[in-house]
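The structure appears right after this line, and notes come after that.
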Amino acid sequence: SCNASSSSRSSIVSFSAKDMKHRLGFLLQKSDSCDYSSSHGKKEKISSSQRVSQEEVRKWADSLENLIHHDRGLAAFRAFLKSEYSEENIEFWVSCEDYKKTKSPAKLSPKARKIYDEFISVQATKEVNLDSCTREKTSHNMLEPTLSCFDEAQRKIFTLMEKDSYRRFLKSPYYLDLVSPPGAGCGPENCKRSHTHTLDCNSNIISQCA
């Protein structure tokens, strides 16, 4: 369990595993427990061998593309958007990425319809913010769905996130706590520890939760 070794690690890091888990809840996809229900699936589970270096985290500030093409960067950004009640944008983008990997022609139409109904149609449960022209063009593409039928809509949503929510994300604790983890109760010996070492400690805790 997560708490089994928290006391032994208290001498290594200046904050408890419980505090660490609270700060990294969005990376674990679950803030109150390390148990994963079957509904989360394998994609939601963070690999215990995967680690994020400070160099990698800083690259996320270079471009939105760098951020969302990294598993943990995507998880952090998704959690931030969820806090702003706009997670439908990144969910639509991810759905489009998955759709473009469809290999079976027979699956194109049903998958395209599902994405359209969920994010684009007038009755969409997670309607994304598209201009009328792009929405109409995408609707027309539904007549004969192809791998590129959502490309324009996906680009529009990417640009929207890039100019708006992505900039706020870089100024939020969801990013700042990773690029420069706070050292609560930092003593002289702890202050000398590198950020990379701090992230390694975080990863050790994440590994136990996985």
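These numbers come from the heavy atoms of this one structure, side chains and all, not from hydrogens, waters or symmetry mates.
- Residues Ser165 and Phe77 approach most closely at OG-CZ, 3.8 Å, considering heavy atoms.
- Nearest approach of Glu65 to Phe158, heavy atoms of both residues: N-CZ, 4.0 Å.
- A donor-acceptor contact shorter than 3.5 Å is absent between the side chain of Asn89 and the backbone of Ile157.
- Every pair passing ring pair (Phe, Tyr, Trp, His ring centres under 6.0 Å) that includes a residue from residues 113-145 is listed here, sequence neighbours excluded: Phe92-Phe119.
- Between Thr125 and Asp117, every side-chain heavy-atom pair lies at or beyond the 4.5 Å cut-off.
- Listed by chain and number, the residues in a side chain to side chain contact (heavy atoms under 4.5 Å, CB included) with Thr134 are Leu130, Asp131, Thr138, Glu152, Ala153, Lys156 (sequence neighbours excluded).
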Using side-chain contact (heavy atoms from CB on, under 4.5 Å), reason through Ile68 and Trp60 one step at a time and then give a plain yes or no.
CA-CA 8 Å; Ile68 60 181; Trp60 298 350; over 6 Å; no
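- When side chains are defined from C-beta on, Lys111 counts as touching Asp98, because their heavy atoms get closer than 4.5 Å.
- The closest donor-acceptor contact from the side chain of Tyr166 to the backbone of Ala61 lies under 3.5 Å.
- A salt bridge between Arg78 and Glu87 is absent, with no side-chain N of the basic residue lying under 4.0 Å from a carboxylate O of the acidic one.
- Of the candidates Arg155, Glu97, Met142, Lys100, Phe150 forms a side chain to side chain contact (heavy atoms under 4.5 Å, CB included) with just one, namely Met142.
- Of all heavy-atom pairs spanning Lys107 and Thr102, the tightest one is CB-CG2, 4.0 Å.
- Between Leu147 and Leu108, the closest side-chain pair of non-hydrogen atoms falls below 4.5 Å.
- Leu81 has its side chain out of reach of Phe169: every pair of non-hydrogen atoms, C-beta onward, lies at least 4.5 Å apart.
- A salt bridge links Glu127 with Arg135; the closest basic N to acidic carboxylate O contact falls under 4.0 Å.
- Checked for salt-bridge contact, Glu56 and Arg72 miss the test: no charged N lies under 4.0 Å from a carboxylate O.
- In this structure, Gln54 CD and Lys59 NZ are separated by 13.0 Å, a value rounded to the nearest 0.5 Å.
- Nearest approach of Arg58 to Val179, heavy atoms of both residues: CG-CG2, 3.7 Å.
- Distance CG/Asn129 to OG/Ser86: 11.0 Å, rounded to 0.5 Å.
- Closest non-hydrogen pair, Ile90 versus Met161, comes out as N-SD, 3.8 Å.
- One distance of note links OG of Ser121 with CZ of Arg113; it measures 8.0 Å at 0.5 Å rounding.
- When all heavy atoms of Ser109 and Pro145 are compared, the closest pair comes out as CA-CG, 4.0 Å.
- Asn141 places a side-chain N or O within donor-acceptor distance of the main-chain N or O of Cys149, the cut-off being under 3.5 Å.
- To the nearest 0.5 Å, the span separating OG on Ser148 from CG on Asp151 amounts to 5.0 Å.
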side-chain contact (heavy atoms from CB on, under 4.5 Å) for Glu84 and Arg168? Distances and angles first, verdict last.
CA-CA 10 Å; Glu84 291 197 334; Arg168 291 197 302 276; 2.6 Å; yes
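- Take Ser83 and apply the side chain to side chain contact (heavy atoms under 4.5 Å, CB included) test, not counting sequence neighbours, and it matches Phe80, Tyr174.
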